[in-house]
Amino acid sequence: GTALQRLGRPADAAASFRRTLALDANYADAHFNLGTILEAEGLLAEAASAYRSALALNPADAGAQNNLASILQGQGKLADALARLSDAVQRAPQDANLRYNLANLLKDMRRFDDAIARYRETIVIAPRHRPAFENLAAVLHYLGRLDEAVACREVLVALDPRDADAHNALGNLLTEHGRNDAALDSYLKALALAADPRNKASVARAIASVTPTRFDAPLHDLMVDAIAEPWARPSDLMLFCCQLIGLTPGIAECIERAAAQWPVAHPTLQWFGAEALAALDADALLRAALHSAPVCELKLERLLTILRAAMLDAAAAIGEEQQAAAHTGRGARER
């Protein structure tokens, strides 16, 4: 029966276990193994009976207590399930999963302080028990103990830095905690691991509450993609993008000079200087932003106002020169 169960032939295994019990009704392991098959098939009443038979023969069987408690919990018989699981934990105090199951039951019973204690005990026994950290974080979050919940989420990230979901969940909690810069960092890590719509939307949502303080080339390039797809309404992305453009080397200095000298009378392209013009011309985020939504940042708009005026004056001057050349007959030869 055990061999057949391992081979994935539950019906044949159940028949062998029943034959075993026909030969020896006091075979506790056969009762337990038959119970696991019946439980997997959804025959919960029969499975519970098999577990009870196993426990009658071997009261120290913590596994049978745990499985019977799970069935009782599913049936809403929480007090009976608690008694079974508590007994199992006493009989196997170093079994982390038993203690974790007890914590889950206490959580369902809304005995949150007791559940937190059992989750913490589980983690002491098994420091890498991710489900215990997950559920502990959820309970602490529900109780408004955000600092502790964040600490749990940070441990989950440390346990598996390649888990995009863990980074995203940490970002959500940090956002609720008002730690928006840290939340954006978590969302960006999640996005780097999994460029799916949820993580893109999380980044787009986070930047609405963040003001960049330094130029970040990867983030600058990422925002070009965010506007191009787009990850959100372009107007929702625009302020952050304008602020980021304002920190771009070559453009930042020009923006500050424009703000300090505003208004600039009759500006020319020479006012900008070759380096600033090259930086403005090369900035893909600036082009994407101007194509997508109105500029909503005052200093950048003042720089662009000066640039527009200088470009229009330059274009007008070229037009006047071409007209003058045409009148003298030089225009055709120059073309």
Side-chain angles (χ1 to χ4, degrees), residues 1-2 5-6 10 13-14 16-143 145 148 152 155-156:
T2 301
Q5 190 174 19
R6 290 176 179 173
S16 289
F17 290 136
R18 287 192 172 97
R19 177 61 179 155
T20 301
L21 293 170
L23 295 169
D24 182 359
N26 294 324
Y27 204 130
D29 285 351
H31 285 290
F32 176 83
N33 289 339
L34 178 59
T36 63
I37 292 175
L38 294 169
E39 184 178 3
E41 292 178 347
L43 302 172
L44 301 184
E46 295 179 46
S49 177
Y51 292 138
R52 286 192 173 94
S53 297
L55 287 166
L57 295 166
N58 181 13
D61 188 342
Q65 288 281 40
N66 176 74
N67 291 5
L68 178 56
S70 177
I71 292 173
L72 292 169
Q73 185 176 355
Q75 294 172 337
K77 300 175 181 177
L78 301 186
D80 290 344
L82 180 61
R84 296 287 182 178
L85 268 179
S86 298
D87 180 73
V89 167
Q90 288 181 352
R91 293 181 184 277
Q94 293 304 305
D95 189 318
N97 287 327
L98 283 177
R99 206 168 289 264
Y100 168 72
N101 291 341
L102 176 58
N104 287 340
L105 175 58
L106 290 164
K107 172 174 68 69
D108 290 348
M109 297 175 74
R110 303 185 66 81
R111 291 174 53 178
F112 296 122
D113 288 338
D114 290 335
I116 288 170
R118 301 296 87 76
Y119 285 130
R120 294 196 187 282
E121 290 168 2
T122 301
I123 290 164
V124 169
I125 298 169
R128 300 184 65 84
H129 200 296
R130 291 181 61 84
F133 278 110
E134 288 275 1
N135 284 4
L136 176 58
V139 173
L140 292 168
H141 183 196
Y142 177 78
L143 295 176
R145 294 161 62 173
E148 295 173 82
C152 285
V155 171
L156 284 164

By ring pair (Phe, Tyr, Trp, His ring centres under 6.0 Å), His129 pairs with (sequence neighbours left out) Tyr100

Which residues pass the salt bridge (Lys or Arg N to Asp or Glu O under 4.0 Å) test with [X], sequence neighbours left out?
X: Glu134; result: Arg153
X: Glu121; result: Arg99, Arg118
X: Arg19; result: none
X: Asp108; result: none

Not counting sequence neighbours, which residues clear side chain to side chain donor-acceptor pair (under 3.5 Å) with [X]? List them please.
X: Arg18; result: none
X: Ser53; result: none
X: Arg52; result: none
X: Arg6; result: none

Side chain to side chain donor-acceptor pair (under 3.5 Å): which pairs involve residues 20-29, sequence neighbours left out?
-> none

Return a table of donor-acceptor pairs under 3.5 angstrom between the side chains of residues 57-68 and protein atoms on other chains or two or more places apart.
from	atom 1	to	atom 2	distance (Å)
Asn58	OD1	Ala60	N	3.3
Asp61	OD1	Gly63	N	3.1
Asp61	OD1	Ala64	N	3.1
Gln65	OE1	Arg84	NH1	3.2
Gln65	NE2	Asp87	OD2	2.7
Asn66	OD1	Asn101	ND2	2.8
Asn67	ND2	Tyr51	OH	3.2

For Leu43, what residues pass the side chain to side chain contact (heavy atoms under 4.5 Å, CB included) criterion, not counting sequence neighbours?
-> Leu38, Glu41, Glu46

